[in-house]
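Below is one structure, written out as C-alpha cells, with a few remarks after it.
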Amino acid sequence: METVRNAFLGKGKVQEKSIVEVCEMLKILGDKLEGKTFFVANEFGFADIVANMVGFWLGVYQEVSGVELVTEKKFPIFCVWRDKYVNCSQVKKYLPSRDKLIAFYQASARPQAAASASTQALSIVTGP
C-alpha cells in the first residue's frame with residue numbers, strides 16, 4: 001500500500017521507484033486476469049471484494065493526483081478487467097460515489113503533502 005501511495009504522493013526518486021514497482025505489479029495482475037471477468041473465472045469471490053482497491057480506487061488516485069499510471073495502451077488487459085469489474089451489477093451497487101471518494105482522497109492527501117513539504121523545508125534549513 002505504501003508503494004501505491006508513494007507513486008501518487010511521493011517526490012523525486014521515491015516516486016519514480018514506486019511508479020516502476022506499481023507498473024510491474026499491474027503487468028503481473030493483468031497477465032493473471034486475461035480472459036477473466038473475476039479472479040476465479042466468472043465467479044465473484046473474496047479476491048474480487050479486495051480488488052476494489054485496484055479496480056476502483058486507482059482511478060480516483062490518478063484523477064486527483066494527476067499521475068497517470070494506468071492507460072489502455074500500457075495495460076490493455078487490466079483496463080478491460082477494470083471496466084467490467086466496476087460496471088458489474090454485483091460490484092457497482094456497493095461502490096461509494098466517485099465524487100465522495102475524490103473528496104475523501106483530496107482531504108487526506110492535502111495534510112500528507114503539507115507534512116512532506118514541511119519536512120523537506122526543515123531539512124533544507126537545518127541540514128540532513
*Check side chain to side chain contact (heavy atoms under 4.5 Å, CB included) between Leu33 and all other residues, then give those that pass, not counting sequence neighbours.*
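Residues passing side chain to side chain contact (heavy atoms under 4.5 Å, CB included) with Leu33: Leu29, Phe39, Phe78, Trp81.
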
*Under the side chain to side chain contact (heavy atoms under 4.5 Å, CB included) rule, collect the residues that match up with Pro96, sequence neighbours excluded.*
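By the side chain to side chain contact (heavy atoms under 4.5 Å, CB included) rule, Pro96 matches Phe56, Leu101.
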
In a table with atom names and distances, give each donor-acceptor pair under 3.5 Å that connects a side chain of residues 63-70 to protein atoms at least two apart or in another chain.
residue, atom, partner, partner atom, Å
Glu63, OE1, Arg98, NE, 3.4
Glu63, OE1, Arg98, NH2, 2.9
Ser65, OG, Tyr61, O, 2.8
Ser65, OG, Val67, N, 3.1

*Carefully, step by step, assess Leu26 and Val54 under the rule side-chain contact (heavy atoms from CB on, under 4.5 Å).*
CA-CA 9 Å; Leu26 288 169; Val54 179; 4.1 Å; yes

Just grab all the salt bridge (charged side-chain N to carboxylate O under 4.0 Å, His left out) pairs involving [range], residues at least two apart or on different chains.
| range | answer |
| --- | --- |
| residues 49-59 | none |
| residues 12-28 | Lys17-Glu21, Lys27-Asp31 |
| residues 71-84 | none |

*Evaluate the side-chain contact (heavy atoms from CB on, under 4.5 Å) criterion for residues Trp57 and Leu95: first the C-alpha distance (whole Å), next the side-chain angles of each, then the deciding distance (0.1 Å), finally the verdict.*
CA-CA 10 Å; Trp57 277 80; Leu95 292 175; over 6 Å; no

*Provide the closest heavy-atom pair for Met25 versus Thr3 in the form atom of the first, atom of the second, distance.*
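Taking every non-hydrogen atom into account, CE-CG2, 4.0 Å.
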
*Least distance between heavy atoms, Ser18 atom then Ala7 atom*: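 Nearest pair, atom of Ser18 first, then Ala7: CB-N, 3.5 Å.
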
*To the nearest 0.5 Å, how far apart are OH in Tyr94 and SG in Cys88?*
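Going from the OH atom of Tyr94 to the SG atom of Cys88 covers 11.0 Å.
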
*asked:* I'd like to check the side chain to side chain donor-acceptor pair (under 3.5 Å) partners of Asp99; sequence neighbours left out, ordered by chain and number.
replied: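 Asp99: no side chain to side chain donor-acceptor pair (under 3.5 Å) contacts found.
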
*State yes or no: do Ile77 and Val80 share one hydrophobic cluster built from I, L, V, M, F, W and Y residues joined by side-chain heavy-atom distances below 4.5 Å, directly or via other members?*
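No: no chain of side-chain contacts under 4.5 Å links Ile77 to Val80.
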
